[in-house]
Every structure is written in C-alpha cells, then in structure tokens.
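Notes for the one structure printed next.
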2 protein chains.
Amino acid sequence: MPYDPSAFPPFAVTVDLVVLTVRRHALCALAVRRGEPPFQGRWALPGGFVRPDEDLAQAAARELVEETGLRAHDPSVPAQDNGAHLEQLATYGDPKRDPRMRVVSVAHLALAPDLPAPRAGGDASNARWAPVEELLQQGGYGRDGEPVAPLAFDHHQILADGVERARSKIEYSSLATAFCPSEFTVGELRRVYEAVWGVALDPRNFHRKVTGTPGFLVPTGGTTTRQGGRPAQLFRAGGATLLNPPMLRPEV
Amino acid sequence: MPYDPSAFPPFAVTVDLVVLTVRRHALCALAVRRGEPPFQGRWALPGGFVRPDEDLAQAAARELVEETGLRAHDPSVPAQDNGAHLEQLATYGDPKRDPRMRVVSVAHLALAPDLPAPRAGGDASNARWAPVEELLQQGGYGRDGEPVAPLAFDHHQILADGVERARSKIEYSSLATAFCPSEFTVGELRRVYEAVWGVALDPRNFHRKVTGTPGFLVPTGGTTTRQGGRPAQLFRAGGATLLNPPMLRPEV
DNA sequence: AGTGTTTATCGTCAAGCAGACGACTATGAT
DNA sequence: ATCATAGTCGTCTGCTTGACGATAAACACT
C-alpha cells in the first residue's frame, strides 16, 4: 500500500463538549440550540471546528471558554482553583453522522462547579443546563409535559458516553471535587456523588471514607453553615488523584 | 460564528494500532518498520488512512487484518472465540505530529493471544513483536546491545497510553482473557497478569480470586498439562465483563 | 428559654475480602 | 524412587465496608 500524500481523503475535524455540572441535586449538561440546518432548532452539544494551527485540547479549551466562560484547568498548575476539569472523551466518525460531509468529532468531557450562567455567543436563550436524565430520555416528555426532541447528530451517544465516564471515574479518582467550589464540605462532596450516581449514600460511612483516605482532602481550617445544621469543616482537594481502594458505587 | 460548509480546514484522519500480546512472559507490541520518509527505517505502530466510506472502528479492524491477519472480535457475537479485542484508545492531533501535513490519528488498542506470526504486507522482516519495555525506553539499548531508536511520530506516547490502558483495565474487567487462547488454565491467566503488570502474584490467592468470582470463568471439563506439573482445569471466559471487586494491582 | 429540625461527626459491630503462607496432590523428569 | 513443577484447598489475621446508634452544633420556631 504505497503512500501518496496528495491522495488522502479530506475530513473535517471538530470538537464536541460534554460539559457537566451538578445543580439542585441533579447532574446537568450544557446544551445549545442549533441556529442552522441540519437539526435547526434542536438541542445539541456545544462544539466547533478545530483550527488549522490548534491542538485538540486547545480547541476544546477554546470552545469551553466561548460557550461557558470557564477556563480549563491546567494540569501543570495543580495548586490552582476553579478551572474546569477537561479531558478527552472519545472520537466519533461514522460516515453518516453529519449529513453534509465527512466529519470526525473528538468529544471532550468537562466538569465544572455550579457557578456559571450559560451563554452561547451572548444569547442565553440558546443555551441551558439540562438534567442529563431529561436529555437522555429520547422521545419522552420533559418536566413541563412538553415533548423532548432527541439531541442533534449522534450527540445522544456522546452525552451518554460522557456521563458514563464521569460516573465510573469518580469511583477511583478525586474527580468529584471538580464539581465543587475550591472550598467545600464533606456533605457537599457527598451530594455530588449522590447526584452523579443517582443514589443515596450513608453520610457517616462516606465521611469516614473520604476523611480516612490520605491526601484526598486537606482541611482549610474554616467552617461553614451554608448547608444549614451544625457547622461543617471546609476542605480543599488534596494532591491525591487516585483513590485506592475506590469508592464503591452501590448496586441496584 | 456563522457556519460555512465550504470553509472548514481539511485534515487527514488515520488510525494507529497498539496491538499487544504476551509472549515468553513479557508484554509485547507489534511494531512495523517504516518504508518511506519521514522516519524512514524507524519502527512505528501500524496504521493507515481512514477511507471515505469507513467508520473508525471498521478502519481499525481492517488495518488489524492487514497487519496481523487477526479478525477483530465482534461484541455482538459474545460466544465466539479467537478474535482480538479491539477498542478505541484516544485521538492525537498535535499540529506538528506529522511534518508533512495536518494528521489526526485515532489510536486503537488491540489485545491478542500469542499465536500469530507478524506480517506486514507479507514482509516479515518489517514487522516484529517487541517487548513494550524495550520499545518504551527511548534512546536506550536493546537486549542485543544495539542502540534503540525511539518510535516514529508520537507513537511513543500512543504506545505508553495503550499499555497503561491495558494495565488498568485488566484490574476491573475480564479483559486479560483476551490475551489467552479460547481455553486456558488459571495459571496461564495469572501469567498474563504477571506479564502485563510486571509483578509476581501469589498463585493461591489468585486462584481463589478468579475462581470465586461468579461468571468470570466457566470450566470446560477438560484438563491440560501443557505447563508441566499437575494437570490443570481448563476454563473459558464467562459472560461477566466487569470484575467487582476488582483485582488489586500490587503496590511498588 | 425550650423544643424540634437539620446537618455534621464519632463509635460500634459483624461480615467480607485480601495478603501471607502451610499443606497436599498429580503429573513429568532423572 | 526421588525430585521438581505446577495446581488446588485451607487457615489465620488485619483491614474495609455496610448498617446503624449516639452525640454535637447550628437555626427556626414557639
């Protein structure tokens, strides 16, 4: 199979983003409304073309800023705060996934705390945080009784893959702290796990597990009562990124 | 940012393969010698362009057949035998990763039992199974004392990522059976773990673990003495793909 | 001030699993 | 017959988990 550099088939390459956050006890994803065909008016994941001089991670970080204002967390500066976690998810390249042309999309997964208001090129009505449960029930009905159209392109699959990645990765890593502000309580972290997994966890056992894992949480000394009840210690994420033994996701 | 279908930047899209097997107690990867510039004469991972009408997984499966003769295991036919396990690994798109043009490579990971002789378009001298330890020690010297040139392009990184994926995934899945023939003994499976992780495992505890996990191994009834010593029961992989609790990779 | 509610945190106990390791078994090689 | 090799079954100890009781410290009422 001789190599002919002038005869390679041309592709368009895009990045799509699964941006997840936890709001009001539910795992939510960022969705944007499409302004042009195909799938005009339908909800989709944010994304765009990779530029000619850009790395894939750079393109994902740029799209993240454009769509949310969130800066991506730079792994080379571990001590820093509120950047979003950003990692490559998977690549989707079915020849028919875009009806216009051959597009290969490198999907990325971003995890962010619940601070930012969505913005899509400044137009808030075309971007929203939607519970993933709602986005993933294709052809069903939303909480308002209105029928829910499925996401554009193959974004249903991409979102499902991103959610599954997040659900499994918080088991064995400190990734759940990416959903929290820079200082947080054990209870707030527990509510992240509960929202992402959709289960209830025992507060006492959870507390024992996370405070007993060396390097996972470091106390800041402060306390807060922002959740009500007895004041809780504030922590920030420790250096440990791998959780061993892992946090066990309950069965059933 | 208006959409202009005629103005997307063109990319070449390739698939590269990290094909792993276990030979003579060592984790080995398939390497092919490059016949043309750039990196002419250097070792590289097998790969090639994605065709215009081809899915990414199809392209990877086709390259796997072309380079090794191995058919990819079809997940829709779980009862079958000796196809190789094939999964997408990650995508690499640094603008400078190929000096000729902008190439985005979707790397795939394949795991195969130690049966096939390598072939690279029929030319065996241009393909070999090399211990990953040897391929990954850049700028060092091989077992024969000859200096080892690093792999072409960014294939060092791709191989390292693939090896790490395999090492972590056998912890919590039945993936290690992909390195075994369709019928195998507990000891053979243990030697796979030992080769992939580069550690020694206690045969008694390993035996207890794998035979005690429901659905992981199913006995075929037969026995073999091909490893010497007392005859060992033969098993085949059970339906369980997730190992819970996981097999623990020893520290240090 | 007292009472209830909420959340946080500490302890206890039993079951299960992992690591270390002894003992025995069944084959082939010498 | 003896040895070496590999496989298989048990035992013991320590750690982790899951279930859950009990206490602590705030706030919201009355």
Side-chain angles (χ1 to χ4, degrees), chain A residues 24-25 170-172 180 183-195 197 199-236 240 242-252, chain B residues 24-25 170-172 180 183-195 197 199-236 240 242-252:
Chain A
R24 286 184 272 114
H25 240 247
I170 64 174
E171 285 188 59
Y172 57 89
C180 295
E183 294 196 357
F184 55 89
T185 70
V186 172
E188 288 163 350
L189 184 62
R190 175 171 49 81
R191 278 180 276 276
V192 165
Y193 275 90
E194 291 178 332
W197 284 344
V199 297
L201 299 176
D202 185 290
R204 297 156 290 189
N205 293 337
F206 183 88
H207 189 279
R208 178 182 60 189
K209 173 73 176 174
V210 296
T211 58
T213 301
F216 188 31
L217 298 181
V218 294
T220 67
T223 62
T224 182
T225 61
R226 62 187 172 218
Q227 299 290 337
R230 170 177 167 179
Q233 283 188 74
L234 284 170
F235 296 86
R236 65 179 71 242
L242 239 50
L243 207 46
N244 200 327
M247 178 96 52
L248 294 180
R249 172 159 34 161
E251 310 284 317
V252 184
Chain B
R24 285 185 273 115
H25 240 251
I170 64 173
E171 285 189 60
Y172 57 89
C180 295
E183 296 197 357
F184 54 89
T185 70
V186 172
E188 287 163 352
L189 184 62
R190 175 170 49 82
R191 279 181 275 276
V192 165
Y193 275 90
E194 291 178 333
W197 284 343
V199 298
L201 299 175
D202 186 291
R204 296 155 293 189
N205 293 337
F206 184 88
H207 189 277
R208 178 182 60 189
K209 173 72 176 173
V210 296
T211 58
T213 301
F216 187 34
L217 298 181
V218 294
T220 66
T223 62
T224 183
T225 62
R226 62 186 172 219
Q227 298 292 338
R230 170 177 165 179
Q233 282 187 74
L234 284 170
F235 295 87
R236 64 179 72 241
L242 239 51
L243 208 45
N244 200 326
M247 179 95 54
L248 295 179
R249 173 159 34 160
E251 312 281 318
V252 184

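Numbers restart at 1 for each chain; the letters A, B, ... are given by sequence-line order, proteins then strands.
Taking 4.5 Å as the limit, some side-chain heavy atom of B:Pro245 sits within range of a side-chain heavy atom of B:Lys209. Using a 4.5 Å cut-off on side-chain heavy atoms (C-beta onward), B:Met247 and B:Trp197 make contact.
Taking both residues in full, the closest heavy atoms of B:Arg226 and B:Thr185 are given as NH2-N, 4.4 Å, listed atom of the first, atom of the second, then distance. Taking all atoms of both residues into account, the shortest heavy-atom contact from B:Pro214 to B:Ala240 is O-CB, 4.1 Å. Nearest heavy atom pair, residue A:Tyr193 against residue A:Ile170, reads OH-O, 3.0 Å. The nearest pair of heavy atoms linking B:Glu188 to B:Gln227 is OE2-NE2, 3.0 Å.
B:Phe206 places its CZ atom 16 Å from the P atom of C:dA20, with the value rounded to the nearest Å. Atom pair B:Glu188:CD and D:dT5:P shows a separation of 18 Å (rounding to whole Å applied). When rounded to the nearest whole Å, the span between CG of A:Leu201 and P of C:dA8 equals 13 Å. One interatomic measurement links the two molecules: CZ of B:Arg226 to C1' of D:dT5, which rounds to 16 Å at whole-angstrom precision. What separates CG of A:Asn244 from P of D:dT16 is a distance of 10 Å, to the nearest Å. Across the protein-nucleic acid pair, B:Glu194 atom CD and D:dA6 atom P stand 11 Å apart, rounded to whole Å. Computed from coordinates, the A:Arg249 CZ to D:dT17 P distance equals 16 Å when rounded to whole Å. As rounded to whole Å, 18 Å separates atom P of C:dC17 from atom CG of B:Asp202.
Taken to the nearest 0.5 Å, the CZ atom of B:Phe206 stands 10.0 Å off from the CZ atom of B:Arg191. Atoms CG and OH, from B:Asn244 and B:Tyr172 in turn, are 12.0 Å apart once rounded to the nearest 0.5 Å. For the atom pair NE2 of B:His207 and CG of B:Asp202, the computed distance is 12.0 Å after rounding to the nearest 0.5 Å.
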Going through the checks in order, is the side-chain contact (heavy atoms from CB on, under 4.5 Å) test met by A:Phe216 and A:Leu189? CA-CA 12 Å; A:Phe216 188 31; A:Leu189 184 62; 4.3 Å; yes

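Projected onto DNA chain C by closest heavy-atom contact, B:Thr225 and B:Pro246 fall at different nucleotides, the more 5' of which corresponds to B:Pro246. Both A:Pro245 and A:Asn205 lie near DNA chain D, and the one whose nearest nucleotide falls closer to the 5' end is A:Pro245. Looking at which nucleotide of DNA chain C each of B:Met247 and B:Gly228 is closest to, the 5′-most match is held by B:Met247.
Contacts with DNA chain C (heavy atom under 4.0 Å) in residues 207-216 of chain A: A:His207, A:Arg208, listed by number.
Judged by distance alone, with hydrogens and angles left aside, A:Arg230 brings a side-chain donor or acceptor within reach of the base of C:dA8, the pair sitting under 3.5 Å. Contact of A:Arg204 with C:dT9 (side chain to base): no donor-acceptor pair of N or O atoms is detected under 3.5 Å.
One axis for each end of the helix from C:dA1-D:dT30 to C:dT30-D:dA1, each built from five base pairs, and the angle between them comes to 0° at 10° resolution.
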Contact list (N/O, under 3.5 angstrom) for nucleotides 1-4 of chain D vs protein:
none

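When the side-chain nitrogen and oxygen atoms of B:Arg190 are compared with OP1 and OP2 of D:dA6, none of them lie within a distance under 4.0 Å. Using a 4.0 Å cut-off, no side-chain N or O of A:Arg191 falls inside it from OP1 or OP2 of C:dT7.
Checking each of A:Val192, A:Leu234, A:Thr224, A:Leu217 against A:Phe184 for a side chain to side chain contact (heavy atoms under 4.5 Å, CB included) leaves exactly one that passes, namely A:Leu217.
In this structure, the side chain of B:Glu194 engages the main chain of B:Leu201 through a donor-acceptor pair within 3.5 Å.
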